There are 2 protein chains.
Amino acid sequence: MTSPSSHPLDTVFAALADPTRRAILTMLLEDDMAVTDVAHPFAMSLAAISKHLQVLADARLITQEKRGRVKWCKLEPDALRAASVWMQGFGQFDPVDLDAFERFLATELPDDPEI
Amino acid sequence: MTSPSSHPLDTVFAALADPTRRAILTMLLEDDMAVTDVAHPFAMSLAAISKHLQVLADARLITQEKRGRVKWCKLEPDALRAASVWMQGFGQFDPVDLDAFERFLATELPDDPEI
DNA sequence: CGCATATTCAACCAACCGGTTGACGATCAA
DNA sequence: TTGATCGTCAACCGGTTGGTTGAATATGCG
């Protein structure tokens, strides 16, 4: 499903680039969920959510286990941690300007309650 | 240049999803660079690199300043830190299984020397 | 069995992405 | 001025993405 030659970080970051998928991950923090229940709050078809879940599974950000007729989705934080480790390499090189950083967080992050 | 309604994290993660762009960021850790010098190690046209740099600038991962005829590219780690902060929210919820995590790092990360 | 529920598959679509090439505008230097 | 260098722009291309619909496949239930 994913091009075999792509770096694991490619698929992880690409998966995280979509707000629907980030919202799904946030929901899965609460608890494991069935596909239908994941789809419920979103204004899009079940098939679309099914595809999003496949993208997340390809990136190993979730796993899916079928029990009976329902497929349970479970958060799998290891891949996310690997990406986080990669990213932290960048923050550490200059002495952290906490003022600038908090200004950034204040102006950039809260403009959307969704996540 | 970027769709106005997209969340900042969308563009940051999308920018990070490409290995060429991650490599550029890594190069910029060393020092600020001119566009031509950024392009040098890559087997693709200058125009392609110029586009990649525009994507990174849209995501506020770098800034570009033109001095004379050369345009200098500078790493801007705040956006990266914001994404890192978002991600760390996930790692903290289950008691960290360090064994599993190290196994993950060992199998998933080193298969590509590039980054 | 017969029906409802859970999920995916297949085909299709418009939009976007990552790359190319060639022309172009700016800037420096002889 | 002439010419070289720096970088972007515009048009194009094939492949991917994110969504839609409708049919198909399991599975559970009365």
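Values reported hereafter were calculated over all heavy atoms of this structure, with side chains retained and with hydrogens, waters and symmetry mates removed. Residue numbers begin at 1 in each chain, while the letters A, B, ... track the order of the sequences. Owing to the predicted nature of the structure, the values given are computational and were not obtained by experimental measurement.
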Colleague: Select one nucleotide: of D/dT8, C/dA6, D/dG7, the one nearest the side-chain heavy atoms of B/Thr36.
Modeller: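 Taking heavy atoms from C-beta onward, the closest nucleotide is D/dG7.
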
Colleague: Yes or no on side-chain contact (heavy atoms from CB on, under 4.5 Å) for A/Glu65 and A/Lys71, after CA distance, side-chain angles and deciding distance?
Modeller: CA-CA 5 Å; A/Glu65 181 199 356; A/Lys71 200 167 184 176; over 6 Å; no

Colleague: Please state how far atom CD1 in B/Ile49 lies from atom C1' in D/dG7, giving the value in whole angstrom units.
Modeller: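 B/Ile49 atom CD1 is separated from D/dG7 atom C1' by 13 Å.
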
Colleague: Where the side chain of A/Ala48 is concerned, which of D/dG7, C/dG19, D/dG19 is the nearest nucleotide?
Modeller: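 For the A/Ala48 side chain, the nearest candidate turns out to be D/dG19.
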
Colleague: When we call it a touch if two heavy atoms are under 4.0 Å apart, what does B/Ala47 touch: a base, just sugar-phosphate, or nothing?
Modeller: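 B/Ala47: base contact, heavy atoms under 4.0 Å.
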
Colleague: Roughly how many Å is it from NE2 in A/His40 to P in C/dA6, rounded to a whole number?
Modeller: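 Checked: the NE2 to P distance equals 11 Å.
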
Colleague: Without decimals, in angstroms, what is the distance between A/Gln54 CD and D/dT17 C1'?
Modeller: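 To the nearest whole Å, that distance equals 14 Å.
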
Colleague: Is a donor-acceptor pair below 3.5 Å formed from side chain B/Lys66 to base D/dG7, judging by atom type as modelled?
Modeller: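 Answer is no: no donor-acceptor pair is held.
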
Colleague: Measure CZ/A/Arg67 against C1'/C/dT5 and give the value in whole Å, please.
Modeller: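 Rounding to the nearest Å, CZ of A/Arg67 and C1' of C/dT5 are 17 Å apart.
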
Colleague: Considering only D/dT8, C/dT7, C/dT20, which nucleotide approaches the side chain of B/Met44 most closely?
Modeller: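 Among D/dT8, C/dT7, C/dT20, the one nearest the side chain of B/Met44 is C/dT20.
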
Colleague: Whole Å only: how far is the CD atom of A/Gln64 from the P atom of C/dA6?
Modeller: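 Atom CD in A/Gln64 sits about 16 Å away from atom P in C/dA6.
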
Colleague: Which nucleotide, C/dT7, C/dT27, C/dA11, lies nearest any side-chain atom of B/Arg69?
Modeller: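 My answer, after comparing the listed nucleotides, is C/dT27.
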
Colleague: Tell me, do B/Leu61 and B/Glu76 make a side-chain contact under 4.5 Å, heavy atoms counted?
Modeller: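 Not touching, per the 4.5 Å side-chain cut-off.
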
Colleague: Is the phosphate of D/dT8, meaning OP1 or OP2, less than 4.0 Å from a side-chain N or O of B/Ser50?
Modeller: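 Answer is yes, contact under 4.0 Å.
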
Colleague: Hey, quick one: are A/Val55 and B/Leu9 part of the same hydrophobic cluster, counting side-chain heavy atoms closer than 4.5 Å, chains of contacts allowed?
Modeller: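 No, because A/Val55 and B/Leu9 fall into different hydrophobic clusters, even though each may have its own neighbours under 4.5 Å.
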
Colleague: Any side-chain N or O of A/Arg21 below 4.0 angstrom from OP1/OP2 of D/dG18?
Modeller: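 Result: yes.
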
Colleague: Let me know the distance between CH2 of A/Trp72 and P of D/dA26, rounded to the nearest Å.
Modeller: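 Result: 21 Å.
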
Colleague: Are the side chains of A/Val35 and A/Trp72 in contact, using a 4.5 Å heavy-atom criterion?
Modeller: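 In short, these two side chains do not touch, never coming nearer than 4.5 Å.
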
Colleague: Could you work out which one of C/dG18, C/dA4, D/dG7 sits closest to the side chain of B/Val35?
Modeller: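 Per side-chain heavy atoms of B/Val35, the pick is D/dG7.
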
Colleague: Rounding to an integer number of Å, can you tell me how far A/Leu53 CG sits from D/dT17 P?
Modeller: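 The distance from CG of A/Leu53 to P of D/dT17 comes to 16 Å, rounded to the nearest Å.
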
Colleague: Respond yes when some side-chain nitrogen or oxygen of B/Ser45 is under 4.0 Å from OP1 or OP2 of C/dT20, and no when none is.
Modeller: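 Looking at the OP1 and OP2 atoms of C/dT20, one of them is under 4.0 Å from a side-chain N or O of B/Ser45.
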
Colleague: Would you kindly give the CD1-to-P distance between A/Ile24 and D/dG19, to the nearest whole Å?
Modeller: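 Atom CD1 in A/Ile24 sits about 9 Å away from atom P in D/dG19.
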
Colleague: Looking only at side-chain N and O atoms, does A/Lys71 come under 4.0 Å of OP1 or OP2 in C/dA6?
Modeller: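 No, no such contact exists.
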
Colleague: On DNA chain D, check which nucleotide each of A/Ala17 and B/Val70 is closest to and give me the residue with the more 5' one.
Modeller: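 Final value for this comparison: B/Val70.
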
Colleague: Does the side chain of A/Thr11 reach to within under 4.5 Å of the side chain of A/Asp58, using non-hydrogen atoms?
Modeller: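 The answer is no; the side chains never approach within 4.5 Å.
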
